[in-house]
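What follows is a single structure, written as structure tokens, with notes after it.
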Amino acid sequence: MNMNSSSEFGFFRLVWRNLSNRPYRNIATVFAFAIIAATLFSSQYLVNGARESLDAGMSRMGADILVVPEQYAAASQSVILIGQPNSFFFADEGFGKISRIPGVAKASPQIYIATLFASCCAAPVQMIAIDPEHDFTVSSWLKQNPGIKLGKDDMIIGSSIVQNVGNDLMFYGHTFHVVGILQRTGMGIDNSVFVRFEDAFTMADESELKAVKKLTIPREKVSAVLVQVEPGYSPAEVAQEIQEQVPGTKTITPSGLLNAVSGQLGAVTRILVGSTLAVTIVAIPLLGFISAMVAHERMKEISILRALGAKKALVMNIMLAESFSLAIIGGLIGIGAAMGILVFFQDFIAVTLKVPFSMPSPLSMMVNGAGALLLSILVAGLSSLYPAVLINRSEPYAAIRRGES
Amino acid sequence: MIQASGLTKAYHTKNSDVVAVDDARIEVKSGEFVLILGRSGSGKSTLLGMLAGLIRPSSGEISVEGLDITTLPEDKIAELRARKIGFVFQFSGLIPTITALENVMLPMLFCSGGPGCRTRAVDLLKKVGMSDRADAYPRTLSSGEMKRVAIARALLNEPSLLIADEPTGDLDVDTELEIMELFRQLNHEGTTIVMVTHNPELVPYATRTYGMNRGKLVENTNSADMCIGTYGSTRT
């Protein structure tokens, strides 16, 4: 006899043995709990990832107002949010006007240039030409070489562009030298490259000879102006003033952008929450059915426990503990699998959903995970409650005698 | 040890009422080996279930160790079973997911047996001749081996009363004799035993016998009557 194989016998050992010695029966249950947890975790992960990304991106942008051409307001949002390459312009005289509007502390013009496929990247990136003298945003996001100013043919790149400081990148036949890499925001900035106005104009001039497609950047025009409002002024009032004084422009504030994304995110959230709800609603009776079948099969076994002296509460606890254990195992598997898939495909998801996205904070993920696990446990409790009550209501000896025949 | 009177159990079905036990009276004194003999369907298992507090009687009184179990709450009866009564079923009644030794240790869940429980379980397995199969799962044991393990389990809480419902019903003659010898030994060591069977050949093991026929319980003073009488049939 192996004297070490079992020490004192207790509640948890019985629960564990019951689970581990019925692996096939439990796989279906674990799978159902994994689906529930994975669905809830995924929906929370996506929603929180988008929200946190947007918050981080907005705070890093540092601008209170973004001024864009009226007819390109939607396109400019796509540039900011997901870095979808685009080119559009409005007359630069507006920029001069914007700088002089009361309440405007700083104004920084930008030119958006949609690029062709470049050697650096799997997809076209958004090029943004800036005026380093007036810029108050890009340099403050630098992860590498913080504080560096763009010189001739220098380039700062977003975090999604897989290049190192010191590398050369060619756009429209013009070679740029990477001098800085921005921190990840989860927004369109990650997929953008920043160069000086002068270099962008030179690149455009040379493009007819050096590039497969000629690039035209109209002089005296810009695509957007980032505005920082003086303390004491309301961004909304200053934005209103800009729209009135510079006809043909549209102002976008971070809160406005947040609302736009929230609307987009709202639809996604509704689908995800709806899916979670549907999965949960289907899972409860399904798991209840599995539980009832298992309970029926184990009626004799449970009755024996009662005949030997187990109180009803103990029987109920055994059944619930088994169910909760399966829920926890399934929940952890579901959360783990969902996290793996989401992390691996997060860029693809962001592009597909057209929302900014970065991995949620560890705290946020822990809260999401705990929530998903809690839902699994709740479903486990609900689905095993009825069979447990049913078993406890039956007369144990009758169940035992039935088992004998 | 056990005193029951006016014990009746009736089951109401759609078409008729079935009286499984009809006005039974039984007394079991401490140290006795009481055999209740009867054919299948005579009501003997129902009677046993009532004596163990597993079936609520329709009427009548049952006192076990001075406690009226007909009025006790279910949890209190469960406590009484856990502390004072050992139960052996017709089938082995072992939990299939745990080993033989763990099955014997199972009552630890209901009564605080203390750290010595495991040693006692090992000793009991030795006593029933199953120490070499302690780590075996029930599915790998023969019927006789399973029955021995079930008896060892019934003895873990050191019960003053052992109730056995046709414990040898599905065993071959040799194994039946071995089990009955084990019961006799336990009885000689002081355990009170109440056992039901349909086999009158087991009468010589008992100190007192009852016969049961169509729900009626009758005490027999003459054991010889039991072997060929109304209540049983001899085994061929």
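Below, chain A is the first sequence line, B the second, and so on; all start at residue 1. Note that the structure is a prediction, hence the values are computed from the model and not measured.
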Looking only at heavy atoms, which of residues 308-331 of chain A get nearer than 4.5 Å to chain B?
Leu308(A), Gly309(A), Ala310(A), Lys311(A), Lys312(A), Leu314(A)
How would you list, in number order, the residues of residues 336-344 of chain A that have a heavy atom less than 4.5 Å from chain B?
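None at all.
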Does [X] have more than 12 heavy atoms from other residues, nucleotides or ligands lying within 6.0 Å of its [atom1]?
X         : atom1 : answer
Arg25(B)  : CZ    : no
Phe11(A)  : CZ    : yes
Arg214(B) : CZ    : no

Could you measure the distance from the [atom1] atom of [X] to the [atom2] atom of [Y]? Nearest 0.5 Å is fine.
X        : Y         : atom1 : atom2 : answer
Thr99(B) : Arg17(A)  : OG1   : CZ    : 6.0 Å
Ile98(B) : Asn18(A)  : CD1   : CG    : 7.5 Å
Asn21(A) : Arg139(B) : CG    : CZ    : 6.5 Å

Which bit of Leu19(A) is near chain B, if near means a heavy-atom gap under 4.5 Å: side chain, backbone, both or neither?
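Neither part.
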Under 4.5 Å from any heavy atom of chain A - which part of Arg153(B)
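Contact with chain A involves the side chain of Arg153(B) alone.
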Do Arg81(B) side-chain atoms and Arg306(A) backbone N/O form a donor-acceptor pair below 3.5 Å?
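It does hold such a pair.
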Contact check, side chains of Phe87(B) and Ile304(A), non-hydrogen atoms, under 4.5 Å
no
